[in-house]
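Read through the structure below, which is laid out as structure tokens, and then see the notes.
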Amino acid sequence: MVSFTGMLAIDARDVVKTFRSGWPRRRETPALRGVSLAVPRGAIFGLLGPNGAGKTTFLSILATLLVPDGGSVRVLGHDVVREAGALRRRLNMASGRPSFLWSLRVGEILAFYGRLYGLAGAPLGRRVDELIELCELGPHRRVPYSELSTGLKQRVALAKSLVNDPELLFLDEPTLGLDPDVSVRVRRHIAELRRDRAMTIVLTTHYMREAEELCDEVAFIKEGRILARGTCAELKRRIRLGDVIALRLDPPAVGWLAEAPGVLRCAAADGWTVCTVDEAEKRLPELLRALHVDGVVVRNVQVREPELEEVFVELAR
Amino acid sequence: MSWRAELLAVEAVLVRNALMASRNVFFFFELLFWPIVGVLSIGLMTRFLRLTPEQASFVLVGTIALSVVNVCQLEVAYAVLLDVWSKSMKHQFMAPIGIRHLTLGSWLVGMVRGTAIFALLALLGWWAFGFDVLRPGWLALAAFLLGCFLNAWVVGVGVCALITLFGNRAEAFAWASVNLVLVLAGIYYPVSVLPEPVAAVARAIPLTYFLDAYRAHYGFASEFAAPVATGLALSALYAALAHWAFLAAVGRARRTGLLLKMSE
């Protein structure tokens, strides 16, 4: 019989973490207040939430860098506290704000971590070569880390995170501060990792488009609690923000539109009148009919679901 | 972990520290400038004070020990300091690496640097002041150097524990602690001249015994019975305690989040 928990990459239950600081008067900052999350193997899972929500704290617990105060966490079948040593060989992490020893060169950084994960000699050299090619770091192989641009540093971090070919990869804001073209390449690479290596990937991001593009499922964290979890489409439906009908009208301003039945709100943007309605399928014919009767010419119409970003704003409110 | 994995992890730290040391602008000062200045100034002082060759040797042994222990313990402290400075602690502690690999790899580099400094200062002492480090014989010399390196290990690992416990605020210990240990261990004087409560502390420091054993070959009667054996026993005890303290400090840093604060 196949156990369900055996198919999970992450099985976290009621995880609690409070940071304590200050002396003599102690300050307590609750970071996680009972987070439960199950992530299946082979998935790309997104953790979304505002700054200070607890995303990085949760990720750090999963990566064995932080010990939870309460609850249980099993990652790849290992308890993150009692079996941390065995677990560390099987996971890795890259951060959007990476930092490595500044005077080591790119190849030396990768070789250092390669040795820590048990590589040596020719296999180590081959692995470093592969990663340098994979992350397009060839021309920078002998450049000290301190002399790299932000984008290159992040590529080094990504290369380092793949040095042990991990089964589970944590990406903390992987495209933070990157140029759009580099971000596109990084996202493409993340998708390839899952496709080609069946890697489970958990990422935190502020970029909703990134989450929509990459993640099978996302969870919204706020103030140390998971507020919602599901596929992007499910969340949009569940939050019931409504559908969006964008109209290009002549004349462009129609005062009564915002008051029309089923219209939740209306706004003008770049020559479009953007109406959020309760149900596009039902309201679009009604609106078109009313506009025709009013003598307004409809030059273009677009119907779309709300952006994940709008769901995020609603949840973070 | 298999033996191969153990050795590779030590090698990783060793190579890393060696590369960093070779690119460190302070390396020149640590390895050459301060030790040479120390031996020259102390050596000249022995001439000014018209000390006998034996007395001058007594003082120069302390001066050389200071440089050797200092450089080696700093290298051990670099096991943590390098990552604190570059804010890369979390990468290191997320990898399958134990503190034994960190400290052992750093210590090996420290011993190489310490031996290089010792050789340099021995040559300088012989050329400038006629101080012969080989007069006690190779075995006594080896025991003395081993004592210096073991003390450096203990102090260095202790500094690592303090930094992991208190963060950047504890950095000063990396430079201050070894000087305190050497003052107490009788760097330029026998511990018998120290007031009793301080002398009791001195008797608890392993380096006291290694200095005593080595200096005995320059005509100064040993103050202790079996000083090398006592020094080794104390070193083993403190090495175990320092290792445990570092281990406990890393565990605490994982609980408090200091490990993350010291990263990125």
Side-chain angles (χ1 to χ4, degrees), chain A residues 17-21 29 31 56-57 59-69 80-81 84-105 108-109 111-121 124 144-146 157 160-161 163-164 166 170 172-173, chain B residues 1-27 78-99 101-102 105 166-167 169 250-264:
Chain A
K17 184 70 194 174
T18 299
F19 291 112
R20 294 169 180 86
S21 60
T29 312
T56 302
T57 300
L59 219 59
S60 300
I61 288 172
L62 299 177
T64 76
L65 287 166
L66 201 55
V67 177
D69 294 339
V80 290
V81 180
L87 178 57
R88 285 184 193 125
R89 297 206 156 270
R90 301 173 63 189
L91 53 81
N92 215 318
M93 185 185 214
S95 164
R97 292 170 294 273
S99 196
F100 295 103
L101 296 192
W102 58 85
S103 58
L104 287 190
R105 295 167 183 156
E108 292 165 351
I109 290 170
F112 169 64
Y113 286 101
R115 285 190 191 96
L116 292 188
Y117 286 96
L119 292 170
L124 174 65
Y145 183 75
S146 60
K160 173 259 156 188
S161 73
V163 78
N164 59 328
F170 298 110
D172 193 7
E173 309 267 4
Chain B
M1 265 175 111
S2 67
W3 271 104
R4 184 179 171 276
E6 293 276 346
L7 290 174
L8 277 174
V10 173
E11 184 199 347
V13 178
L14 188 152
V15 172
R16 180 197 70 165
N17 274 39
L19 287 169
M20 290 297 286
S22 68
R23 292 169 195 162
N24 183 356
V25 287
F26 297 110
F27 183 76
Y78 283 159
V80 166
L81 274 175
L82 291 176
D83 281 293
V84 169
W85 289 334
S86 62
K87 295 186 178 292
S88 59
M89 284 281 271
K90 76 176 184 184
H91 296 299
Q92 183 162 284
F93 283 101
M94 203 178 65
I97 184 173
I99 63 166
H101 308 117
L102 278 175
F166 299 113
R169 289 170 292 175
V250 171
R252 187 177 179 277
R254 284 190 201 275
R255 286 194 303 278
T256 60
L258 187 63
L259 208 59
L260 294 176
K261 279 186 194 162
M262 289 194 286
S263 313
E264 297 174 8

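Residue numbering restarts at 1 for every chain, and letters A, B, ... go by the order of the sequence lines. Worth knowing before you read on, the calculation uses all heavy atoms, side chains too, and leaves out hydrogens, waters and symmetry mates.
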In the structure I gave you, are the side-chain heavy atoms of A:Leu104 and B:Arg23 within less than 4.5 Å of one another anywhere?
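Side chain of A:Leu104 against side chain of B:Arg23, heavy atoms only: contact under 4.5 Å found.
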With a 4.5 Å cut-off on heavy-atom pairs, point out which of [options] contacts chain A the most.
{"options": "B:Leu7, B:Val10, B:Leu82", "answer": "B:Leu82"}
{"options": "B:Arg4, B:Met94, B:Glu6, B:Met20", "answer": "B:Met94"}
{"options": "B:Ser2, B:Ala5, B:Ala95", "answer": "B:Ala95"}

Taking every non-hydrogen pair under 4.5 Å, which of A:Asn164, A:Leu119, A:Leu87 racks up the most with chain B?
A:Leu119
At a heavy-atom separation under 4.5 Å, does B:Gln92 approach chain A through its side chain, its backbone, both, or neither?
both
Using non-hydrogen atoms and a 4.5 Å limit, figure out which bit of B:Arg255 sits close to chain A: side chain, backbone, both or neither.
both
What residues, two or more places apart in sequence or in another chain, satisfy ring pair (Phe, Tyr, Trp, His ring centres under 6.0 Å) together with B:Tyr78?
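With neighbours one apart ignored, the set is B:Trp85.
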Near A:Arg89 CZ, under 6.0 Å, is it more than 12 heavy atoms from other residues, nucleotides or ligands?
yes
CG/A:Asp172 to NZ/B:Lys90 distance, rounded to the nearest 0.5 angstrom?
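These two atoms lie 5.5 Å from each other.
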Using only atom types and a distance under 3.5 Å, with no angle test, would you say the side chain of A:Ser99 pairs donor to acceptor with the backbone of B:Ser86?
yes
Considering only heavy atoms, which portion of [X] lies under 4.5 Å from any heavy atom of chain B: side chain, backbone, both, or neither?
{"X": "A:Phe112", "answer": "both"}
{"X": "A:Tyr113", "answer": "side chain"}
{"X": "A:Ser60", "answer": "side chain"}

